[in-house]
Asker: 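Just dropping this structure here.
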Amino acid sequence: MAGQNGDSILGIDDKIEDLQYNNNNNSNEVIDREELVGIGEESSACYKNNQGEGGEKDMAGNSIHRSGSRPQLDLSKAEIQGNSEERDPTILLPNQSDDISHLALDIGGSLIKLIYFSRHEDQSVEDKRKKTVKERLGISNGNRRSYPVLGGRLHFVKFETSKLNECLDFISSKQLHRGRIDSPHWNSEPPANENAVIKATGGGAYKFADLFKERLGVSIEKEDEMDCLVAGANFLLKAIRHEAFTHMEGHKEFVQIDHNDLFPYLLVNIGSGVSIIKVDGDGKFERVSGTNVGGGTYWGLGRLLTKCNSFDELLELSQRGDNGTIDMLVGDIYGGMDYSKIGLSASTIASSFGKAISDKKELEDYRPEDISLSLLRMISYNIGQISYLNALRFGLKRIFFGGFFIRGHAYTMDTISFAVQFWSQGEAQAMFLRHEGYLGALGAFMSYHKHGLDDLMVHHLVERFPMGAPYTGGRIHGPPLGDLNEKISWMEKFVQKGTEITAPVPMAPPGTTGLGGFEVPSSRGATLRSDASALNVGVLHFVPTLEVFPLLTNPKMYEPNTIDLSDHKELEYWFTVLSEHLPDLVDKAVASEGGIDDAKRRGDAFARAFSAHLARLMEEPAAYGKLGLANLLELREECLREFQFHDAYRSIKQRENEASLAVLPDLLVELDHMDEETRLLTLIEGVLAANIFDWGSRACVELYHKGTIIEIYRMSRNKMQRPWRVDDFDLFKERMLGSEGKKPKPHKRALLFVDNSGADVVLGMLPLARELLRRGTEVVLVANSLPALNDVTAMELPDIVAEAAKHCDILRRAAEAGGLLVDAMTNTLDGSKGNSSSVPLMVVENGCGSPCIDLRQVSSELAAAAKNADLVILEGMGRALHTNFNARFKCEALKLAMVKNQRLAEKLIKGKIYDCVCRYESAPAS
């Protein structure tokens, strides 16, 4: 068959130039009573706040969302500042009386939690092509929602309260108190504002108000702690996809909360005492109970009984304790037997500290570790029981725990979880929050009249984990890093041992700024550091232009990741793959910038930083939230960009595009001489064969040393033999060509998610797009917004299409109709100016910069294009196998990929490396 003969299609090598590719810092920590926040040690008085929702209507009679009684932004005469076509423009509010604030604080006795906002610095250029595509898709700036925080980031920072001056220096250096974080002139001294106000909560808001006025010239406006606590929790539970998690026997499991079904819930804040709050909605909550036995009890008694100097030291002791030496257990009473009649095991605590009654021992005869653990269990079990009883009282299933007492400590969370499970007989679960230490500061930020966060949805937020915040596991290690050079210097202090890069915990020696000293974690092997289970806090990126892909059958049940990294062996394997690929990636990144010394230094810092991320995730896979393979790959790309490597494969992509475009005309001529059925098979074979070019695959990188891309492509085509490992081609052929003489209707619009540059897109996906255009189907090529490995981007695609269109009237007319040839008319074969009735070929960005794609967060352009689409084609390992292999759509779907990883082949399709996947899924019955 002609379609299986690679030589007949590409016997034209002579035209191509041969492109041979040939931790812990707690020694001085003293925690004030203020830090262990608790309104109600003994008080059981109800604390109520039932602010009403605003009931206003707009001119069309639609209700306008209002957060309590807050004044709203004045949006009259609002306009896009600068280029209206840029991706994330700033909105100018000329009639707003004051600036949008950027800063809020929670000042406790031990820690200062600071939240500040910055707008995106990225500016895209005017693009006529994009404008034309938007017009075709019906997208206009009028469709944009007027978010005052459009395109920004929310940063979470911690300081020790004892180092308040460092916090003040940080605020001053970034001019956060003057709302100038995103100004190009922030180093200049802006005019003073005598009325400047910073929102703050916590005891320090009162204690240090005069110092803020003296140092920064700003007034502290104090916010109620409980108001802030609830507001912060509500925002996080509604806006962060994997904010809540359960914790049982050391295992974390993230829980997806439907923001439409969030209320009511119970919020248990464990400070010095415990406040139990029933939350019924935004601004609607009631303190329904509390107890005077809380974190203050644990620390106070622990300090008296063990002589510990800090709360963390006491927690550290508990990890090495055995409470059975001091607690009376059920087995001690019943001769080592269970009391099965009432469901009590022999190891159940019958009486905390009960053995001290009969033991003839003095305090010094007991190990401090055992005392600490017994205390921790006693208090945690009681808090868990009281919390469950209150949940039972109000018929609530969701109980969220937060507060200083928890602070990410695994054993504390386990103990509380066990108590809730035990007393509820498994009907209720204890849940915890990743950002729980920042609830107060976030609530204070939201208390500004104009914070603009009310209407943000979970798909508008993306959390990133830069190396810019020098603390891990909730511990502070110096002030946040100011610029790239400071960050590189910090990374250069990491300890390297042979080929293994250990991620040390930076530790500030007394009297330093926190950037000078480093210490490798002392606990290794099976011993868990006290902070190892604590979860890292990243930077929240607000991108309100992101939307949920509208063609997903069930967005709530959609899970992008195919590979389950909760299996430690699976996790270890992929970490090894990424680590082995790292040196080659660094070489490519440095070479992409001419190999200059600055690039080499940044490349080394990137390698250390990414290795540190991997080390952290090996220690605690849930440290950055729910972990999937797509998250790992995206983390690598984000880390590259953090060290200013924006397109490591730029020159390689350009060479491969040129080589492939040179042979495209002959390929198209040969395709046109085939009958319809042969041509369709040849096109699908071409996509699968061309998908071999993937610089993210070690096996494929080795192929580059064995020939030119054209030689590799021909070899790949020659091996295309059916049946493939997953082979639904006949089903797809029947849909395209029909059967028994019946011609099916062509698709209205096809979305083609493209993968790699070079042969993959030029010799694989473009000819397939051309075939669909020939049949009268609109085609939208969907590509990355940002570079990732050798993947083609939406910015690069129009030039590739324009070059291809010089030799093909079908592509030329479609590209003109789709706005891809606006800038300059290309040479044509017949000299005509195009056919306005031709179906369009368009290009849209997908909203991400990763080899994979999470369809819960795609660009507004892609979402608009999808609304009239009836065919989705996902191509490549990243988009069709690593993610979305199990995704189901409202329309027809075709998933095409060559498997270039042996483990993935075995796991996913029970096959081998270089097996092919052609999975066709018909549209579900309506």
Side-chain angles (χ1 to χ4, degrees), residues 559-565 570 573-578 580-581 584-585 628-637 649 653 656 684-704 709 712-713 716 719-720 724-728 752-761 763-765 768 782-784 787-793 846 848-855 872-887 893-920:
E559 168 54 51
N561 288 289
T562 307
I563 303 298
D564 182 11
L565 294 188
E570 198 70 37
Y573 170 79
W574 288 104
F575 277 17
T576 301
V577 169
L578 291 173
E580 289 177 348
H581 181 243
D584 183 68
L585 179 57
L629 185 56
N631 309 103
L632 272 182
L633 297 176
E634 186 170 15
L635 180 64
R636 179 184 61 190
E637 301 304 321
Y649 289 81
K653 291 191 294 183
E656 292 189 354
I684 298 301
E685 286 179 336
V687 172
L688 294 172
N691 191 232
I692 197 171
F693 297 100
D694 185 347
W695 281 92
S697 164
R698 185 179 183 88
C700 296
V701 170
E702 291 172 355
L703 284 177
Y704 280 93
I709 63 168
I712 297 168
Y713 176 62
S716 180
K719 292 184 177 180
M720 284 289 118
W724 301 311
R725 191 63 189 176
V726 177
D727 193 339
D728 293 337
L752 275 61
F753 288 75
V754 297
D755 189 9
N756 305 298
S757 293
D760 197 356
V761 66
L763 304 180
M765 291 299 276
L768 179 59
V782 183
N784 267 14
L789 293 172
N790 63 318
D791 290 1
V792 69
T793 68
N846 59 19
C848 75
S850 165
C852 302
I853 186 168
D854 182 342
L855 294 173
V872 169
I873 300 179
L874 292 162
E875 184 240 356
M877 279 208 312
R879 294 162 189 83
L881 299 183
H882 289 149
T883 53
N884 302 306
F885 187 66
N886 299 318
L894 183 65
K895 298 168 184 177
L896 300 168
M898 177 183 283
V899 188
K900 290 149 294 200
N901 178 278
Q902 181 62 40
R903 190 180 185 95
L904 184 67
E906 294 170 358
K907 194 111 180 149
L908 204 59
I909 59 173
K910 294 180 170 54
K912 60 185 184 301
I913 196 167
Y914 301 130
D915 274 346
C916 291
V917 172
C918 174
R919 175 188 270 191
Y920 172 72

Asker: Can you tell me how far apart NE2 (His882) and CG (Asn561) are? Round to the nearest 0.5 Å.
Answerer: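 So the gap between those two atoms works out to 10.0 Å.
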Asker: Could you tell me whether the side chain of Thr793 reaches within less than 4.5 Å of the side chain of Lys653, counting heavy atoms only?
Answerer: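 Yes, their side chains come closer than 4.5 Å.
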Asker: Hey, does Phe885 have a side-chain heavy atom less than 4.5 Å from the side chain of Val917?
Answerer: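 When only atoms from C-beta onward are counted, Phe885 and Val917 do touch, with a gap below 4.5 Å.
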Asker: What are the two closest heavy atoms between Glu637 and Pro851, and how far apart are they?
Answerer: CG-CD, 4.1 Å
Asker: Indicate the atoms forming the closest heavy-atom contact of Ser850 with Ala630, along with that distance.
Answerer: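 Shortest heavy-atom contact: OG-O, 4.2 Å.
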Asker: Any side-chain heavy-atom pair from Tyr649 and Asp791 closer than 4.5 angstrom?
Answerer: no
Asker: Quick check for you: to the nearest 0.5 Å, what is the distance between Glu570 atom CD and Phe575 atom CZ?
Answerer: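 With rounding to 0.5 Å, CD (Glu570) is 11.5 Å from CZ (Phe575).
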Asker: Kindly give the heavy-atom pair with the smallest separation between Met720 and Met898, and that separation in Å.
Answerer: CE-CE, 3.7 Å
Asker: Indicate the atoms forming the closest heavy-atom contact of Pro560 with Ile853, along with that distance.
Answerer: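 So the minimum-distance heavy-atom pair works out to CB-O, 4.2 Å.
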Asker: Just how far is it from atom NZ of Lys900 to atom CG of Asp915, taken to the nearest 0.5 Å?
Answerer: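 Going from NZ on Lys900 over to CG on Asp915, the span is 12.5 Å.
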Asker: How long is the span from the CG atom in Leu768 to the CD atom in Glu875, to the nearest 0.5 Å?
Answerer: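 Here the interatomic distance stands at 9.0 Å.
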Asker: Could you pull out the closest heavy-atom pair between Phe753 and Met765, with the gap in Å?
Answerer: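 Shortest heavy-atom contact: O-CE, 4.0 Å.
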Asker: When you look at Trp574 and Asn901, which way does the side-chain contact (heavy atoms from CB on, under 4.5 Å) test go after all the steps?
Answerer: CA-CA 11 Å; Trp574 288 104; Asn901 178 278; 3.7 Å; yes
Asker: Is there a side-chain contact between Asn784 and Arg879 in this structure, where contact means two heavy atoms from C-beta onward sitting under 4.5 Å apart?
Answerer: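 They are in contact (side-chain heavy atoms under 4.5 Å apart), so the answer is yes.
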Asker: Please determine whether side-chain contact (heavy atoms from CB on, under 4.5 Å) holds for the pair Leu578 and Leu632, giving the CA-CA distance in whole Å, both sets of side-chain angles, and the decisive distance to 0.1 Å.
Answerer: CA-CA 9 Å; Leu578 291 173; Leu632 272 182; 4.0 Å; yes
Asker: For the CD atom of Glu559 and the CG atom of Leu855, what is their distance to the nearest 0.5 Å?
Answerer: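 CG of Leu855 is found 11.5 Å from CD of Glu559.
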Asker: Per the side chain to side chain contact (heavy atoms under 4.5 Å, CB included) rule, which among Ile873, Leu896, Asp728 passes with Tyr920?
Answerer: Asp728
Asker: Under the side-chain contact (heavy atoms from CB on, under 4.5 Å) criterion, do Glu634 and Asp854 qualify, and how do the steps go?
Answerer: CA-CA 11 Å; Glu634 186 170 15; Asp854 182 342; over 6 Å; no
Asker: May I ask you to test the Asn790-Asp760 pair for a side-chain heavy-atom distance under 4.5 Å?
Answerer: no
Asker: Side chains of Glu685 and Cys916: closer than 4.5 Å at any heavy-atom pair?
Answerer: no
Asker: Report the distance from atom NZ of Lys907 to atom CD1 of Ile563, rounding to the nearest 0.5 Å.
Answerer: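 Here the rounded value is 7.0 Å.
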Asker: Would Leu894 and Ile684 count as a side-chain contact (heavy atoms from CB on, under 4.5 Å) here? Give the steps.
Answerer: CA-CA 10 Å; Leu894 183 65; Ile684 298 301; 4.2 Å; yes
Asker: Backbone N or O of Arg725 within a donor-acceptor pair of the Lys910 side chain at under 3.5 Å?
Answerer: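 Not a single qualifying donor-acceptor pair exists.
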Asker: Side-chain contact test, heavy atoms from C-beta onward, threshold under 4.5 Å: evaluate it for Asn756 versus Glu656 and give yes or no.
Answerer: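 The answer is no; the side chains never approach within 4.5 Å.
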Asker: Hey, are the side chains of Thr562 and Leu881 touching, using non-hydrogen atoms and a 4.5 Å cut-off?
Answerer: no
Asker: Work out which heavy atom in Leu789 is nearest to a heavy atom in His581; give both atom names and the distance.
Answerer: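 For Leu789 and His581, the tightest heavy-atom pair comes out as CD2-CE1, 3.9 Å.
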Asker: Could you tell me whether a side-chain N or O of Asn691 sits under 3.5 Å from a main-chain N or O of Ala897, the two making a donor and an acceptor?
Answerer: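 It does not hold such a pair.
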